[in-house]
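Read the structure below first, then the notes.
Heavy-atom basis, side chains included; hydrogens, waters and symmetry copies ignored.
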Amino acid sequence: MLILNVNKVCKSFGFGKLLDNLSFTVNEGERIAIVGKNGCGKSTLLKLINKTERLDSGEITIKKDVVVEYLEQGDVADSKTGKCIDIIKSAFASLYEIEDRLRYYESKMQIETNENALNKLISSYSNLQEKFIQLGGYEIDTKVNMVLEGLKIDKSLMDREFSSLSGGERTIINLARILLSNPDLLLLDEPTNHLDITRLEFLENYLKNYKGSVIIVSHDRYFLDRVVNKVLELEDGKIKIYFGNYSSYLRQKEDEEVKEFEIYKIQQKRIQEMEKAIKRLKEWGKMADNPMFFRRAKAIQSNLDRYKENALDKPQTTKKLPIKFNASNRGSQFVITIKDLNLTIGNKNLLHNANCVIENGEKVAIIGENGCGKSTLIKAILNGNDSIKLGGNQRIGYLSQIIEFEDKKQNVLNYFMSSTGLNEEQTRSKLFNMQFFKSDVIKSVGSLSGGEKIRLKLAVMLQQDINLLILDEPTNHIDIDTREVLEDTLKDFKGTILFVSHDRYFINKLSNKIVEFYNQKLYTFYGNYDDYLLDRENIHLKY
């Protein structure tokens, strides 16, 4: 059943059309991903559907009585006030109204003495109570606890004022409220941004069993693979529709590109043949002084002009960042040895007598719940610890989760030159290769987006001779195209990689070993994330 119709929608922001004549439909029960490069209009499209952004032209029609809920991306200003538990339970506002009405009937029945009036009250009460039961009125606390547990929301947070929370905390509280409200249409803009793997798995299972429709914007490809059954690709203001999950979309898109290129080659061959025919006819016309040859050449030229108008442009493949790390000498066989490590932060114990060995050439993912100590362990490795031994000849390249610059006013060009010692001509060339074009190089480093900061840091690291890469959430602020380039590059890196990530697709493609924080210990699994899933339950049962 159709619940949403987007028809010929256009939206501009003063620099040309961001969305150009878009049309698509959403049916009941569909779980849809909107994918595309950063800045292509994905979030804008969700806002247009939610009516928090105005259309320039076109029409968006939502079926009558369809309830829509929208989770906005990032640390947005939120006008909600009150305690977190009240924000979450506001999802049941209609049920609480019914409950208040039931209490009213109960009080009336206790004092009513007229038999006919009492029977009417009892009848109204019974009908309303049946509705309350059908809507799950007696299951509110059970549902709330299930979502709080699934999203790992600490119950101590419930009495805090919503306005006092961090952006990430507000997003998770809003997500809990939205899930509990059980709308007919869910609009989720980057819902996985503040979720660790345990929370992600809960959200995936929740959405897979969800009866309503969902439209999701996300860079989490593993999440999209497990949840969606339809993909809308947004590119150059246009929508293309693919049925299936994210991996199915990639296969279909690759097949399309192969077919388009074959058609392009056939068309180009035909164009070349017609151009040769025109040239021959003109030459024959000159030699024979015969206007007939010129008339035939003109007729073919007319056909060629029409043919070119309808011919395909050369298919464009995704532009890849030409990233290539230079690994230094091999170094020791045992790159990092952790023995009986005790790790604390404040009064919280993170690790107790933990052990782990990372060997040369391994690509190791560190995983665990938010706050378990993954980034703290990385810092302990970098800063030194009596229980952590680094092998000899280790040249480390480190990319932190939060990228800061000492002088935020320094421009990209000067930062790169001062960090690498290269001259301006060499610097401009290197930055161009990392997609910093023209005026990009005079931007202040403090004004860069998250993705730009990562590209700049990587550009500097490329000039270093390293054999151990340590990366803390490297995919957090980059789009899917850049993630894929980074994956391919890191797979080819000959040294050792240690990285923290919640991006399971990234972990699957890169890792050959996983180290998990669990019960204040470090547990080692060999293989990628899917291999870890097969072993995880058996290992956990032993401890």
Side-chain angles (χ1 to χ4, degrees), residues 1 3-4 24-36 42-43 45-46 49-50 66-74 143 146-147 149-152 171-172 174-234 239-253 367 369-370 475-476 479-480 483-484 501-509 528-530 532-533 536:
M1 184 183 297
I3 66 166
L4 172 67
F24 64 91
T25 60
V26 176
N27 295 310
E28 188 177 314
E30 283 188 319
R31 298 188 298 273
I32 299 171
I34 303 177
V35 302
K42 302 186 294 295
S43 296
L45 182 54
L46 290 188
I49 295 171
N50 192 52
V66 164
V67 177
V68 180
E69 284 284 0
Y70 169 50
L71 181 72
E72 193 168 357
Q73 178 185 351
K143 290 177 180 178
M146 184 266 292
V147 170
E149 184 178 334
L151 290 176
K152 302 292 181 186
T171 297
I172 292 177
N174 270 328
L175 178 59
R177 177 189 62 79
I178 287 169
L179 294 181
L180 288 167
S181 69
N182 198 35
D184 303 293
L185 176 60
L186 265 174
L187 307 176
L188 303 177
D189 196 352
E190 296 290 359
T192 67
N193 271 2
H194 300 282
L195 305 184
D196 57 27
I197 288 175
T198 304
R199 292 179 172 103
L200 284 171
E201 289 176 348
F202 166 78
L203 182 59
E204 286 166 357
N205 291 327
Y206 194 99
L207 294 178
K208 282 162 68 176
N209 296 309
Y210 188 66
K211 303 302 181 185
S213 304
V214 188
I215 304 178
I216 303 166
V217 171
S218 178
H219 288 138
D220 190 326
R221 296 155 294 171
Y222 198 95
F223 175 77
L224 296 180
D225 259 350
R226 287 175 58 85
V227 172
V228 307
N229 51 30
K230 185 175 177 181
V231 175
L232 305 182
E233 182 190 56
L234 186 53
I239 280 279
K240 289 186 74 172
I241 300 172
Y242 300 84
F243 293 93
N245 64 7
Y246 182 79
S247 291
S248 175
Y249 148 73
L250 287 182
R251 289 191 295 270
Q252 293 175 62
K253 187 171 174 62
I367 65 172
E369 295 183 0
N370 285 348
T475 64
N476 265 5
D479 61 22
I480 288 175
R483 290 181 190 208
E484 290 173 350
S501 182
H502 292 135
D503 187 336
R504 294 158 297 168
Y505 201 99
F506 182 78
I507 296 170
N508 246 359
K509 289 194 71 173
N528 63 11
Y529 184 78
D530 287 341
Y532 154 78
L533 286 181
R536 176 178 63 176

Could you grab the distance from atom CG of Leu71 to atom CG of Asn174, nearest 0.5 Å is fine?
6.5 Å

Taking only residues two or more places apart in sequence or in another chain, which ones pass ring pair (Phe, Tyr, Trp, His ring centres under 6.0 Å) with Tyr206?
Phe202

Between CZ on residue Arg226 and CZ on residue Arg221, distance to nearest 0.5 Å:
15.5 Å

Which residues share a side chain to side chain contact (heavy atoms under 4.5 Å, CB included) with Lys509, sequence neighbours left out:
Glu487, Asp488, Tyr505

With Lys143 via salt bridge (Lys or Arg N to Asp or Glu O under 4.0 Å) - residues at least two apart
none

Ser501 and Ile507 have their tightest heavy-atom pair at O-CD1, 3.5 Å

Applying salt bridge (Lys or Arg N to Asp or Glu O under 4.0 Å), name anything that partners Glu149, two or more places apart in sequence or on another chain.
none

What residues, two or more places apart in sequence or in another chain, satisfy side chain to side chain contact (heavy atoms under 4.5 Å, CB included) together with Ile49?
Leu4, Phe24, Leu45, Ile60, Leu185, Leu187, Ile215

Here the gap from Glu369 atom CD to His502 atom NE2, rounded to the nearest 0.5 Å, amounts to 9.0 Å

Do Arg504 and Leu533 have side-chain heavy atoms sitting under 4.5 Å apart?
no

So, taking the atom named CG in Asn205 and the one named CG in Leu200, what distance separates them when rounded to the nearest 0.5 Å?
11.0 Å

Tyr222: which residues meet the ring pair (Phe, Tyr, Trp, His ring centres under 6.0 Å) condition with it, sequence neighbours left out?
Tyr529

For a 4.5 angstrom cut-off between non-hydrogen side-chain atoms, does Lys42 reach Glu190?
no

Across all chains, not counting sequence neighbours, the side chain to side chain contact (heavy atoms under 4.5 Å, CB included) partners of Asn182 are Tyr210

Interatomic distance, CG@Leu46 vs CG@Leu186, rounded to 0.5 Å, equals 11.0 Å

Taking all atoms of both residues into account, what is the closest heavy-atom pair of Tyr246 and Ile480, and its distance?
OH-CG2, 3.1 Å

Evaluate the side-chain proximity of Tyr242 to Glu233: yes if any heavy-atom separation is below 4.5 Å, no if none is.
yes

Any heavy-atom pair between the side chains of Glu72 and Asp189 that's under 4.5 Å?
no

Contact summary for Glu30 and Asn27, nearest pair of heavy atoms:
OE1-N, 2.8 Å

The criterion is side chain to side chain donor-acceptor pair (under 3.5 Å); which residues satisfy it with Asp220, sequence neighbours excluded?
none

My understanding is that only residues two or more places apart in sequence, or in another chain, count here; which of them pass ring pair (Phe, Tyr, Trp, His ring centres under 6.0 Å) with Tyr70?
none

With Arg31, which residues qualify under salt bridge (Lys or Arg N to Asp or Glu O under 4.0 Å), at least two apart?
none

From CD (Glu204) to OG1 (Thr192), nearest 0.5 Å
9.0 Å

Between Leu175 and Pro191 the two heavy atoms that sit nearest each other are CD2-O, 4.4 Å

For the residue pair Thr475 and His219, establish whether any side-chain heavy-atom pair is separated by less than 4.5 Å.
no

Going by heavy atoms in the side chains, are Leu195 and Ile172 under 4.5 Å from each other?
yes

Indicate yes or no: at least one non-hydrogen side-chain atom of Asn370 is less than 4.5 angstrom from one of Lys152.
no

Flag the pair Val214 / Val227 as yes when at least one side-chain heavy-atom distance between them is below 4.5 Å, and no otherwise.
no

If you look at every heavy atom in Ser213 and Gly29, which pair is closest and at what distance?
OG-N, 3.0 Å

Would you name the heavy atoms of Ser218 and Leu224 that are closest together and state the gap between them?
O-CD1, 3.6 Å

Go through the structure and list residues passing salt bridge (Lys or Arg N to Asp or Glu O under 4.0 Å) with Asp196, not counting sequence neighbours.
Arg199

Those residues that, when tested against Phe223, pass ring pair (Phe, Tyr, Trp, His ring centres under 6.0 Å) (two or more places apart)
none

